[in-house]
Amino acid sequence: MEQEQKYLWWQSGIIYQVYPRSFQDSDGDGVGDLKGIIGRLDYLKWLGITAVWVSPIFPSPMADFGYDISDYCDIHPLFGSIDDFDELLQEVHKRDMKLILDLVPNHTSNQHPWFLESRSSRDNPKRDWYIWHNAKEDGSEPNNWLSVFGGSGWEWDEQTQQYYYHAFLKEQPDLNWRNPEVQQAMLDVMRFWLDKGVDGFRVDVMWHMIKDKNLRDNPANPDYQSHQSTYEQLIPAFSTDQPEVHDIVAKMRKVTDAYDERVLIGEIYLPVHRLVTYYGQDNNGTHLPFNFMLITMDWNARTISTNVDEYEGALPEGGWPNWVIGNHDQPRITSRIGQSQAKVAAMLLLTLRGTPTLYYGDELGMRDVPIPPDKIQDPQGLNMPDKDLSRDPARTPMQWDNSANAGFTSGEPWLPLPGNYKRVNVEVQKEDAYSMLSYYRRLITLRQQEAALNVGDYAPVITDGPLLAYIRKTERKQFLVVLNLSHKPCTLKPKHQTYKGKIIFATDPEREGEPVAGNISLYGDEGILVELA
Ligand code: NOJ
Ligand code: MG
């Protein structure tokens, strides 16, 4: 008899990222808000989502759209009030879903009272809460570290005659995590929200949190290409991914574990062998170090299959996998690999082993929306104007229906909507059995019904050319997934084994029910899911 193993909600569930500015506006100011999200929870439930991650909703001067926080324990009035938040949490839980907040521990806003104090004088008790340093003798920056958003990572403070370090904007000074008071303060922030009942955190730039004690220079990146962000000129060997970060993550984990079944997710862009170290010693680190391989890899079957296998092999014992296909910092999947491959990508995301995270609107096949140069809002785009790095195109309002502004707002939306929203929206796609939305919903339903697809084992199937194939299985059931990552037809010719079964789900529903035995032919851009006999 099959052993009944119990899985936690963040292992068997599906996470959906809401970018709150763009999900649903309720008060006509053109910016999404908490009441707006509450009004759309039934949609998320209908879609099959089990956990909602909301990007920052805290008081902020919005230099980086909420990732510059000036008060960690309140709600920005733009998004609502703390009462609205309590209602949101209650409404999420009422629907048997979970709520994950964004925690931004690496840096605060330069308007946060901690920084205002810290910068007020060199002997202020909070001086050491941030990373202050003297200039070199010639007046230049303490070292060569760069800001992710362009230019130097150091900003000169005229009043106190020192530099402070900021990995992102100068309006986002980095906290000094070597200071125990800083650690305490941020762990208290976690407790504040956990006490309220939130189900966990997505931790912003976890691998940045602590820097080399001696502030050594970063080495040059020999592979730098001029179209890349200026930040890529150096390898951030001393400004990120330091050994001490794991002690901090373990402390965060300990706080999380003092509560019942909460989750800690880490935003980490690192190669697999570095990424998996964030599970921690004996899994005392983050539960889910975000796996961005499907975002950063070339869309090529050979590359992907090698990397999936490498990831599966690199996971520590007891480390649970996860997959992400889009977020608010990256071009949307449709704009990266093309609309024709988007359903294949969805099948990959939702049939691999590990918790999937969806980005709002991807379930409609929403595309990046071109933003006229004079309308660009994202500081990353504005600071490096010749490099096309603005993240605005992937942050446009959710497309709900064919009314004005796609039902997102009755006012002027903070970012424009695409011309095709009257066709590409929730209301229209709900009624269309062949739409991307119907496809996503059926796929999610299937994943949640079939233990093999949800939490079952993964086994690679050897393929060549543009095909990617693998098996998901429990002792009771086996599924074969075959994906064609090219536009041309292609045939899977199994060498050592015959796969016999029936197609139960496909990018073209017309194939469902078809028996399979021996060679399996696929159309271009096609994916099939075979239940094996
Ligand atoms: C990562 C966030 O996802 C991104 O949006 C933000 O700009 C940086 N961290 C800085 O907080
Ligand atoms: Mg609003």
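Counting starts at 1 for both ligands and their atoms, in listed order.
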Would you tell me whether [X] and [Y] have side-chain atoms, one donor and one acceptor, within less than 3.5 Å of each other?
{"X": "H287", "Y": "N322", "value": "no"}
{"X": "Y421", "Y": "D401", "value": "no"}
{"X": "W156", "Y": "E158", "value": "yes"}

Look up atom CD1 in I325 and atom CD1 in I337, then write down how far apart they are to the nearest 0.5 Å.
-> 6.5 Å

Near R391 (heavy-atom distance under 4.0 Å), the atoms of ligand 1 are 4 (C), 5 (O), 6 (C), 7 (O)

Note: ligand 1 atoms sitting under 4.0 Å from heavy atoms of V205 are 1 (C), 9 (N)

For ligand 1, is there an atom lying under 4.0 Å from some heavy atom of [X]?
{"X": "F149", "result": "yes"}
{"X": "H107", "result": "yes"}
{"X": "R395", "result": "yes"}

Any Lys/Arg nitrogen of D68 or K170 sitting under 4.0 Å from an Asp/Glu carboxylate oxygen of the other?
-> no

Cation over ring face, R391 and Y359, 6.0 Å, 45° | no

Can the ring centroids of F58 and W193 be said to lie less than 6.0 angstrom from one another?
-> yes

Can we call the ring centroids of F292 and Y269 under 6.0 Å apart?
-> yes

What do we get for R202 next to ligand 1 when only non-hydrogen atoms under 4.0 Å count, side chain, backbone, both or neither?
-> side chain

Is H328 touching ligand 1 with its side chain, its backbone, both, or neither, if touching means heavy atoms under 4.0 Å apart?
-> side chain

Protein-side N, O or S atoms sitting under 2.8 Å from the Mg ion (ligand 2) are D25 OD1, D27 OD1, D29 OD1, V31 O, D33 OD2

Considering non-hydrogen atoms only, spot the tightest contact between S335 and D368 and give its length.
-> OG-N, 3.0 Å

Between Q380 and L389, the two heavy atoms sitting closest are NE2-O, 3.0 Å

Heavy-atom nearest option to atom 4 (C) of ligand 1, drawn from I69, D378, D329 | D329

Residue and atom name of the nearest protein heavy atom (relative to atom 7 (O) of ligand 1), distance in Å to one decimal | D64 OD2, 2.5 Å

Atom 9 (N) of ligand 1: the protein heavy-atom neighbour that sits closest, reported with distance to 0.1 Å = D204 OD1, 2.9 Å

Does anything in residues 373-419 pair up under ring pair (Phe, Tyr, Trp, His ring centres under 6.0 Å), and if so which pairs, sequence neighbours excluded?
-> F23-W400, Y43-W400, F65-W414

